[in-house]
Peer 1: 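Have a look at this one before I ask anything.
Letters go in sequence order (proteins before strands), and every chain restarts at 1. Hydrogens, waters and symmetry mates play no part in the numbers below; they use all other heavy atoms, side chains included. Everything numeric here is computed off the predicted structure, so don't read it as measured data.
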Amino acid sequence: MKAPKRKTILLIEDDVGIVEMLQLVLETEGYQVDLLARGTVMPALQEPFPDVILLDLLLSGMDGQAICRHLKGQDTTRPIPIILMSANKEVPQVAREVGADGWLAKPFETETLLTLLETAAARG
Amino acid sequence: MGADSLRRSAPVVLSLAALRVGFQRREQVDGTCWHARVGGIYTCRTTSRIEAAQSDRCQSLTRKHGASILLPSPPPSAAFPAFPAISLAEEGSLLSLLNAWLDVLPDALVIINQAGQIAVANRQLETLLGYPRQELIGLPLEVLLPERFHAAHVHHRQHYASAPRIRPMGAGLELYGRRKDGIEVPVDISLSPLPFNGALYVLAAIRDVTERRRLQAHEQQERQESETRLELLQLILDELPTSVCLVQGEEARLVLANRAATTVWGATWPVGQAMRDFLATNHIQVFDAHGDIIPPAAFATMRALHHRGAVRQYQEIIRHPDGTLLPVLANAVVLGQQLVRGVSALGWGDDQHTSSEEPVALLVHQDVTERLELERRKDEFIGMAGHELKTPLTSLKLAVQWLHRRVQQLEDEPSAQVLTKMDTQLGTLTRLINELLDVTKMTTGTLSWHETPFDLDALVGEVVEDLQRTTDRHQLRREGGGPFQISADRDRIEQVLTNLLLNAIKYSPQGGPIVVKQSNAAEQVTLSVQDCGIGIPAEKQAHLFERFYRVDHPEHETFPGLGLGLYLAAETVKRQGGAIWVDSQVGEGSTFSFTLPAKPPAERGNGAAP
């Protein structure tokens with residue numbers, strides 16, 4: 001019997017330190033972490049889609065809010081759960097506005113992160 | 001007069017002779033005396049002893065015209081005895097009285113004869129010019145003048161003799177006398193003709209005007225200084241970029257304005273026009289900081305005038321006739337009564353309405369466009385700074401918690417404990433950064449406030465549970481409680497509770513119980529956090545809720561914190577419309593209490609003047 005496929009998380013985050021730690025933490029949990037290639041103006045997601053997207057709001061070169069709106073605006077990508085991350089405490093409001101499925105205020109507890117991801121990935 | 005008159009008795013001839021000298025009227029009273037009247041002075045010429053010779057007619061004339069002055073007749077020779085030398089005392093009490101009277105007069109007096117020689121000098125002249133009078137008698141008057149006036153003075157004397165009358169000398173000129181020691185004295189001089197025994201003497205009353213001239217010069221100087229100062233102030237006023245206006249009356253009529261007023265208001269305000277009319281005519285509108293229009297009665301200016309007080313730093317936005325918006329800080333200060341009188345006295349303002357009963361106010365409207373721009377940039381920076389600070393914290397936290405998990409799995413308890421401590425510190429760091437960012441936003445008025453309905457009771461339970469986990473020396477417990485629906489910013493209220501509990505833990509280092517009491521009422525809830533810690537001295541309690549205030553306890557260790565927690569708590573509670581206060585005793589503990597209405601007060605901007 002084939003082992004259950006690992007859930008994939010697409011990580012869209014600028015800071016190297018955060019990326020490295022998130023990768024470590026999430027892979028330890030059993031997820032597969034994909035990173036967005038640098039310099040991509042608007043992520044042209046292709047099949048197979050990730051199970052969850054972790055998206056930082058403040059990015060250089062890309063507008064996190066716009067990405068979220070775009071993805072939620074397209075029928076193909078709308079079902080993908082998106083969790084926003086931000087240092088800004090207003091992130092709950094923004095998440096609501098752009099149709100995100102969850103939010104994390106940096107710096108967040110690992111437990112919070114994992115719980116959110118589990119819930120989101122289970123949906124998909 | 002004709003040849004007939006010439007044939008009359010001698011007195012008439014004398015009379016004619018007298019007429020040649022100047023005008024005087026001789027009148028034979030009766031057989032005993034002759035009276036002469038010169039310029040209103042009636043003199044009995046005939047006798048030297050008025051008492052003895054006074055006839056009825058003489059008496060009646062004397063009574064009618066006032067006192068007569070009796071002068072002894074001088075011998076006709078050119079050699080001229082000094083008056084005092086005649087020893088008036090010999091002549092009787094009246095003459096000695098006369099002498100005394102001359103000396104008592106406050107003015108210096110000198111009498112000169114037709115040759116311009118000094119015949120009489122009183123005591124004041126001695127004092128004024130420093131000559132003993134004996135020296136002066138017989139000397140030409142010119143000795144008492146500075147040399148440069150001598151020649152002209154001779155002319156003056158002759159001129160006077162041709163038309164003698166009582167008058168000041170040299171009107172408009174600056175006259176000087178010269179003292180014996182050569183020092184010049186500024187003087188005023190008045191002259192009176194003094195006919196006597198057929199000759200015309202001149203009485204000069206001399207007054208020392210040094211003091212008067214000095215005061216005049218001083219006044220002149222002060223006036224000039226005053227004018228210069230006013231000019232300077234006007235210049236400064238006009239150079240100020242801030243609008244400065246002076247208005248009068250409850251309708252705020254303009255008294256004066258500086259140049260910047262036109263720039264700030266967007267139109268020129270004519271003197272005398274009421275503020276309302278000025279704004280209406282020029283289609284200028286005023287809004288408050290929220291963008292709602294302010295009715296004239298609520299203008300800072302009008303409020304200050306109405307209450308005879310001051311309104312300061314009130315944010316208004318002036319909309320110019322061309323549509324540009326100018327954010328300003330308005331200050332309106334009503335002047336005290338003394339200044340109001342001064343304004344009226346200066347003749348400023350419109351005369352027809354000027355009344356010292358009306359309030360006068362100084363309006364200063366400061367253009368704050370630049371300041372707001374700076375604040376906007378600061379906010380932007382703060383946003384960036386927040387992000388920058390929290391980024392490394394994010395990965396740190398992930399790393400510490402990952403390590404903790406791992407060492408626990410490896411059953412390395414000591415390492416796990418260390419990592420727990422690290423995690424706690426990271427939490428503290430995060431909290432401090434948030435406090436700093438929040439308070440900066442708060443002072444620039446951009447602190448977010450997101451109202452949501454929630455159960456306060458549940459929140460209190462959560463916070464107490466969370467914080468109990470951070471300490472094993474303290475026992476956190478709750479009293480009272482029960483569901484309480486509240487509409488407020490949940491995060492902020494959570495912050496308040498967290499702060500108070502953290503403080504309770506921090507400031508009771510020995511440990512002990514910490515009680516969170518909750519009492520629900522219909523429209524509001526009262527919460528208190530009580531500890532048995534070190535307490536707060538009475539004099540520090542007043543400042544507790546101020547920004548950056550930290551109570552120093554030199555005998556205890558320093559507690560980490562920025563001194564912002566209580567400030568933020570107070571601001572949050574106030575925002576909700578509640579109150580916060582403290583009861584504390586040094587050595588016994590503190591109780592921080594606050595009330596929270598179920599709903600915050602209605603937002604401003606609906607016409608309610610702050």
Peer 1: Taking side chain as everything from C-beta outward and backbone as N, CA, C, O, which of these in E109(A) sits under 4.5 Å from a heavy atom of chain B? Side chain, backbone, both or neither.
Peer 2: both

Peer 1: Hey, is CZ on R406(B) packed in by over 12 heavy atoms from elsewhere, all under 6.0 Å?
Peer 2: no

Peer 1: What residues of residues 97-107 of chain A make heavy-atom contacts with chain B at a cutoff under 4.5 angstrom?
Peer 2: K106(A), P107(A)

Peer 1: Using heavy-atom distances under 4.5 Å, tell me whether S86(A) contacts chain B through its side chain, its backbone, both, or neither.
Peer 2: neither

Peer 1: Can you run down the salt bridge (charged side-chain N to carboxylate O under 4.0 Å, His left out) pairs that involve residues 21-34 of chain A, sequence neighbours left out, and say none if there aren't any?
Peer 2: E29(A)-R405(B)

Peer 1: Any salt bridge (charged side-chain N to carboxylate O under 4.0 Å, His left out) pairs touching residues 453-467 of chain B, not counting sequence neighbours?
Peer 2: D457(B)-R478(B), E462(B)-R490(B), D466(B)-R469(B)

Peer 1: Hey, could you give me the CZ/NZ distance between F108(A) and K390(B), rounded to the nearest 0.5 Å?
Peer 2: 12.5 Å

Peer 1: Please output the residues of residues 408-421 of chain B in contact with chain A, using a heavy-atom cutoff of under 4.5 Å, in numerical order.
Peer 2: none

Peer 1: Determine the minimum heavy-atom distance between M21(A) and W402(B), stating which atoms define it.
Peer 2: CE-CB, 4.3 Å

Peer 1: I'd like to know whether NZ of K72(A) has more than 12 heavy-atom contacts from other residues, nucleotides or ligands below 6.0 angstrom.
Peer 2: yes

Peer 1: Crowded around Q485(B) CD? As in, over 12 foreign heavy atoms under 6.0 Å?
Peer 2: yes

Peer 1: Tell me which of these, L113(A), V19(A), L22(A), T110(A), has more heavy-atom pairs under 4.5 Å with chain B than the rest.
Peer 2: T110(A)

Peer 1: Given heavy-atom pairs under 4.5 angstrom as the criterion, report whether the side chain, backbone, both or neither of T391(B) touches chain A.
Peer 2: both

